[in-house]
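Report on one structure; see the data block that follows.
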Amino acid sequence: MEPGNITRISKFLLLGFSERPELQPLIFGLFLSMYLITVFGNLLILLAISSDSHLHTPMYFFLANLSFVDICFTSTTVPKMLWNIQTQNKVITYEDCITQMNFFITFAGMDDFLLSVMAYDRFVAICHPLQYTVIMNPWLCGLLVLVSWITSVLHSLVHTLMVLRLSFCTEVVIPHFFCELNQMIQLASSDTFLNNVVMYLAAMLLGGGLLVWILYSYSKIVSSIRGISSAQGKYKAFSTCASHLSVVSLFYCASLGVYLSSAATQSSRSSATASVMYTVVTPMLNPFIYSLRNRDIKRALKRILGIQ
């Protein structure tokens, strides 16, 4: 790529995980299986919550939104990768790349916001049980989700507009399986100082701020649980948080692992492999975590599947 050959390009090349032809069927089968499990698993959670009146509560309302976002989150990256492997064509147009990046940032932000909103829901349920139905009323629940959507869309729009002002060489090869923001900034041929400032500032304010709120909520939850006298009461209170805590740990550990591994190895391929954890594996495991650890979800799923 020659520095002087800069223009508004029409396409990028997504290298994916491996260029070895013998590995392509294995990669295709593995990711197709994970994608189908993710979609059907989260659809079952949505169906279970919508069909059972006992699950029409704030906690399950947020869970239904999380399942919907997880389907969209995975669908922004995996189908395009599968299509490229199937057609043996690594090309993605400039417009499609920008669109994919935009939706990816939006749904990743929504995942983050919903996990923090669910932490607040558990905080109110355990720390203020007598006021729970008053505080977590339908109007507030809808408002929290609406604000999460608006903030995520605006956050994504800022990054997208910042990338649109960048120039690229005529042939840009992305050593990743999707158009990731950090990769786009690194591959730009123009000055990216402002993009990096905005990206890290947003990560600190949104990602870091929401994580601090989740940790604060759980510190209060743990303090309240310790104040419960009976062991059965402690177990019942903690069991209502166990699924959410598992999902939060998985999401943040995977996300932090991506950035720490990429910073340590400086390898784009290593970053792409690590990204699979929070872009594909975490949305796939969420339905299992909530269904296996939640008696109400299991009962609703058994009724839907006709299992006695």
Side-chain angles (χ1 to χ4, degrees), residues 42 45-46 49-50 55-76 98-129 131-163 181 197-221 240-241 243-252 254-256 278-279 282-283 286-287 290:
N42 283 287
I45 295 292
L46 282 169
I49 293 173
S50 62
L55 301 182
H56 294 174
T57 62
M59 180 175 71
Y60 295 112
F61 171 71
F62 296 133
L63 176 58
N65 278 274
L66 182 66
S67 294
F68 172 74
V69 169
D70 278 342
I71 293 173
C72 298
F73 186 38
T74 309
S75 298
T76 59
I98 295 296
T99 302
Q100 185 185 64
M101 183 193 71
N102 179 274
F103 280 111
F104 180 83
I105 297 172
T106 299
F107 294 126
M110 272 303 297
D111 253 349
D112 209 354
F113 275 107
L114 284 172
L115 290 176
S116 63
V117 167
M118 293 170 79
Y120 175 69
D121 173 72
R122 294 299 85 205
F123 163 73
V124 175
I126 293 175
C127 299
H128 306 283
Q131 297 174 298
Y132 178 74
T133 55
V134 176
I135 297 174
M136 299 304 296
N137 57 74
W139 184 87
L140 179 63
C141 293
L143 181 64
L144 288 172
V145 172
L146 179 61
V147 170
S148 298
W149 274 109
I150 292 173
T151 309
S152 298
V153 169
L154 291 177
H155 169 237
S156 177
L157 185 60
V158 169
H159 286 301
T160 303
L161 293 175
M162 294 290 292
V163 170
L181 175 63
V197 169
V198 172
M199 180 176 67
Y200 289 116
L201 189 61
M204 289 172 56
L205 292 176
L206 291 181
L210 292 174
L211 178 58
V212 168
W213 167 251
I214 291 173
L215 294 175
Y216 171 78
S217 298
Y218 272 100
S219 68
K220 292 295 185 180
I221 289 171
T240 64
C241 304
S243 299
H244 177 254
L245 191 57
S246 301
V247 171
V248 168
S249 302
L250 187 62
F251 180 80
Y252 277 100
S255 302
L256 290 173
Y278 79 96
T279 58
T282 301
N286 285 355
Y290 276 103

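Atom set for the values below is all heavy atoms of this structure, side chains included, hydrogens, waters and symmetry mates excluded.
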So, for His159 and Ile105, which heavy atoms are closest and what is the spacing to 0.1 Å? CB-CD1, 3.9 Å
Within the distance-only criterion (no hydrogens, no angle test), does the side chain of Ser156 pair as donor or acceptor with the backbone N or O of Val153 below 3.5 angstrom? no
Inter-residue atom distance Tyr200.OH - Leu205.CG, 0.5 Å rounding: 15.0 Å
Mind checking the CG-CE spacing from Leu140 to Met136? Nearest 0.5 Å is all I need. 5.5 Å
Assess the residue pair Phe73 and Phe103 against the criterion (ring pair (Phe, Tyr, Trp, His ring centres under 6.0 Å)); give the C-alpha distance rounded to whole Å, side-chain angles, the decisive distance to 0.1 Å, and a yes or no. CA-CA 8 Å; Phe73 186 38; Phe103 280 111; over 10 Å; no
Return the OG1 to CE distance between Thr160 and Met162, rounded to the nearest 0.5 Å. 11.0 Å
Given 3.5 Å as the limit, does a donor-acceptor pair link the side chain of Ser219 with the main chain of Tyr216, or not? yes
Does the separation of the ring centres of His244 and Tyr218 fall below 6.0 angstrom? yes
Contacts under 3.5 angstrom, residues 55-71 side chains, donor-acceptor by atom type, not counting sequence neighbours:
residue, atom, partner, partner atom, Å
His56, NE2, Ile49, O, 3.1
His56, NE2, Ser50, O, 3.4
His56, NE2, Asp52, O, 3.4
Tyr60, OH, Asn294, OD1, 3.0
Tyr60, OH, Asn294, ND2, 3.0
Tyr60, OH, Asp296, OD2, 3.3
Asn65, ND2, Phe61, O, 2.8
Ser67, OG, Asn42, OD1, 3.4
Ser67, OG, Leu63, O, 3.2
Asp70, OD2, Asn286, ND2, 2.8

Walk me through whether Phe104 and Thr279 qualify under side-chain contact (heavy atoms from CB on, under 4.5 Å). CA-CA 9 Å; Phe104 180 83; Thr279 58; 3.5 Å; yes
Under 3.5 Å: donor-acceptor pair, side chain of Asn102, backbone of Gln100: no
Looking only at heavy atoms, what is the nearest atom pair of Pro287 and Pro283, with distance? CD-O, 3.2 Å
Please list, one pair per line, the donor and acceptor atoms closer than 3.5 Å that link side chains of residues 107-129 to other protein atoms, with sequence neighbours excluded.
residue, atom, partner, partner atom, Å
Asp112, OD1, Tyr252, OH, 2.1
Ser116, OG, Phe113, O, 2.6
Asp121, OD1, Tyr132, OH, 2.6

